[in-house]
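This report refers to the structure that appears directly beneath it.
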Amino acid sequence: FVKFTLNGKFAQATKGTTILEACRTNDIFVPTLCYHPNLSANEECNLCLVETDRTQRLSRACSTIIQEGMEIVTNSENVVNSVKHNLAMILAEHPKECTTCESNNRCELQDLVYRFGVIDKFPRKQRAYIPKDYSSPALIRDMNKCIKCYRCVKACSELQGMDILTIGPDGIPMTPKNKELYTTKCINCGACSFYCPVGAITENSQVREVSNLLKNKNGKTIVFQTAPATRVAISEEFGMEPGDISTGKMVAAIRKLGGDVVFDTDFTADLTIMEEGSELLDRIKNGGTLPMFTSCCPGWINLVEKDYPDFIPNLSSCRSPQGMMSSLIKNYWAERMGIKPEDVVVVSIMPCTAKKDEAVRDQLKTDQGLQETDYVLTTRELAKLIKLNKVKFASLKESEYNNPLGESTGAAVIFGNTGGVMEAALRTAYEIALEKPMPTLNYTPVRGFQGIKEATVDFGGIDLKVAVIHQASNIHEYMQKLRNGEVSHHFVEFMICKGGCIGGGGEPKSKTSDYLEKRMKGIYKIDDNFKIRKSHENEAVKQIYEQFFEHPLSHKSHHFLHTHYHD
Ligand code: HC1
Ligand code: SF4
């Protein structure tokens, strides 16, 4: 331990702690823009200034390790004036477009400028205009708003190992050869948008379109679906804790906004298990391509298509649960309700920006050519829509999903966590293949934050070897090993974001260091409390097979629930 004072009070911390970490632990506010606990510190913004030795000398809290006896001051006039000066310098280069900016009211620069009462006193420092990049259905880049914190660059390289964004000659992050994002190898994961503190990289928002649609339905039936990971994160936008379970309130909010029907993507997660589990058993029995790869994460699909096209045959042919649900709504449910598919609008609520890209895939259209998922709103966008409509989320009375496509199980909700698809698949595949339940439903070897998790399951004579990989940088490492023949598995789950969908690029921008752990616990709590925790025991899933699909991998299943990929 080292002992020091913090604004005159005695404190202690373990050796090697930075001043910033100690301040955060002690609830002392220190302004930052370039710092994020999940990324390396880069000393770019010059805002985390503190005094350490009773002189006026200033140090950066993010990169200064506490020494024994330091007298740290974060709130002197000298510190505050220096922070204000540096903020005013950033402001001089920043377009003042707050009123039309996607990040208005959730912008870290805006927050600090207000908090410190910064006066916009320096003459405008004009930068050369950079054309906005609207090429991606998932993301918009307006690098004129960039404050050069480089969090996007670090997210793309350190966390995702993608290296799409690098620092250009003018100090502004750029794509390879300055190409439009959608024409690069970007996978639309949205990590860059999640970490951007301002409005330079944002989700390609459809809040206005959905808001207008809900106000003027024009005879359309608006059907929502909500992804597993949204229900443990949306609460953060309304002052609650990460991991607080808000399923019923989220459904109630959607109804209040004007949604006619609310289905649960969890239902098609259960259906995915039926189809994907059967596909795995079929590939093992009949010598199909192994290892089989999960196919529900759209960032992962983009990565395989762009970087590992030789592995396309390894991908399960199952559409993602989002894709299956939208297909069911337009091709199955609408007909049963006597509504024309063209009069149904599907709005999907996802933790993920890449789902916006998945929605526009050519393969995911009805036979008549209708896009099956019409709009995708991220969890952040749904929260924005709720706030715009002044719905009091925290005090809403909980509401239930519509049925039958709203019925789900504990196995479905754990899709939101890394390892969840694997655990759900094992619960079902084991029981179907061996005609007895797995010895334990909580299959811990595939849980937790380790980047590459491996396990061997005794499948009655066959040792079923599985692996679970999350976060793109770990995926690159695994794929290299697979290429080199250093690993061999039957079934592998891939999720592009750290933690799985709970860490999706469209989730609320939490800045605490434990938000992912809390969201993960929230998901497992929902599973623990479900009466039914296996996908094949979902009664509505059984019914849809009896009434429509007949059995997994049937001709109809292939047509409506499976897909193919670009090579
Ligand atoms: Fe996911 Fe999935 S779990 S991909 O992580 O398979 O986005 O939550 O909706 O589709 O169900 C995301 C989450 C999500 C799909 C499911
Ligand atoms: Fe990099 Fe992902 Fe952003 Fe694309 S979406 S630039 S891959 S962080």
Side-chain angles (χ1 to χ4, degrees), residues 133 136 138-141 151-166 173-176 181-182 184-196 200-204 225-233 264-273 276 294-303 306-307 316 318-326 348-359 364 373 376 378-379 408 411-421 424-425 470-473 493-497 499-507 519 523 535:
D133 182 352
S136 162
L139 298 159
I140 292 176
R141 290 190 318 135
R151 275 161 48 171
C152 61
V153 175
K154 286 188 280 179
C156 190
S157 60
E158 288 175 13
L159 301 182
Q160 299 297 60
M162 294 302 298
D163 296 322
I164 305 296
L165 302 173
T166 51
M174 61 180 275
T175 54
L181 193 64
Y182 208 49
T184 69
K185 287 198 167 188
C186 167
I187 51 173
N188 288 300
C189 68
C192 48
S193 75
F194 181 90
Y195 286 98
C196 178
I201 308 184
T202 61
E203 61 274 28
N204 192 339
Q225 60 164 312
T226 66
T230 53
R231 64 205 70 201
V232 291
D264 197 353
T265 316
D266 288 19
F267 172 83
T268 34
D270 279 331
L271 201 57
T272 299
I273 291 303
E276 201 161 293
T294 57
S295 57
C296 38
C297 169
W300 159 239
I301 298 295
N302 288 339
L303 186 68
K306 291 187 175 189
D307 275 355
S316 157
C318 286
R319 296 180 189 194
S320 77
Q322 169 180 274
M324 287 194 187
M325 177 57 83
S326 302
S348 175
I349 309 298
M350 293 283 140
C352 166
T353 50
K355 286 281 176 199
K356 289 173 182 276
D357 182 28
E358 178 189 301
L364 301 181
T373 310
V376 176
T378 60
T379 318
S408 70
V413 78
I414 60 173
F415 268 55
N417 286 345
T418 162
V421 181
H470 62 122
Q471 198 172 342
S473 53
E493 176 200 298
F494 294 91
M495 291 285 175
I496 280 292
C497 297
C501 288
I502 50 166
E507 290 277 68
R519 289 177 190 168
I523 289 275
S535 299

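Sequence positions, counted from 1, serve as the residue numbers for this chain. When a ligand or atom number is given, it counts from 1 through the structure's own listing order.
Not a single N, O or S atom of Cys192, from either the backbone or the side chain, sits less than 2.8 Å from atom 4 (Fe) of ligand 2.
A donor-acceptor pair shorter than 3.5 Å can be found between the side chains of Gln225 and Thr265. Between the side chains of Thr294 and Glu493, not a single donor N or O lies within less than 3.5 Å of an accepting N or O.
The protein heavy-atom contact nearest to atom 1 (Fe) of ligand 2 is Cys156 SG, 2.4 Å. In this structure, atom 4 (Fe) of ligand 2 lies nearest to the protein heavy atom Cys186 SG, 2.4 Å. In this structure, the protein non-hydrogen atom closest to atom 5 (S) of ligand 2 is Gly190 N, 3.2 Å.
Atoms of ligand 2 lying under 4.0 Å from any heavy atom of Met162, numbered from 1 in the order shown and given with element: 7 (S). Atoms of ligand 2 found under 4.0 Å from any heavy atom of Leu139 (numbered from 1 in listed order, with element): 5 (S). Heavy-atom proximity to Ala269, at under 4.0 Å, picks out these atoms of ligand 1: 11 (O). Interface of Cys189 with ligand 2, defined as ligand atoms under 4.0 Å from a residue heavy atom, comprises 2 (Fe), 5 (S), 8 (S).
The two residues Ala472 and Met162 make their nearest non-hydrogen contact at CB-SD, 4.4 Å. Across all non-hydrogen atoms, the minimal contact from Asn188 to Asn302 is ND2-ND2, 4.0 Å. For the residue pair Ala354 and Gly299, the shortest heavy atom distance occurs at CB-N, 3.8 Å.
For atom 1 (Fe) of ligand 1, the set of protein N/O/S atoms nearer than 2.8 Å consists of Cys501 SG, ordered by chain and number.
Residue-ligand proximity: Ala155 is placed with every non-hydrogen atom at 4.0 Å or more from ligand 2.
Arg319 places no side-chain N or O within 3.5 Å of a backbone atom of Ser326 that could act as its donor or acceptor partner. Looking only at distances, no side-chain donor or acceptor of Thr268 sits under 3.5 Å from a matching main-chain atom of Leu271. A distance-only check finds no donor-acceptor pair linking the side chain of Ser348 to the backbone of Val376 [under 3.5 Å]. Side chain of Glu507 to main chain of Pro351: no donor-acceptor pair is present (N/O by atom type, distance under 3.5 Å, no hydrogens or angles).
Residue contacts with ligand 2, taken as heavy atom pairs separated by less than 4.0 Å, involve Asn188 solely via the backbone atoms N, CA, C and O.
Annotation: side chain of Leu139 is not in contact with side chain of Thr202 (no heavy-atom distance under 4.5 Å).
Of the options Cys501, Pro298, Cys497, Cys189, a side chain to side chain contact (heavy atoms under 4.5 Å, CB included) to Cys352 is made by Pro298 and by none of the others.
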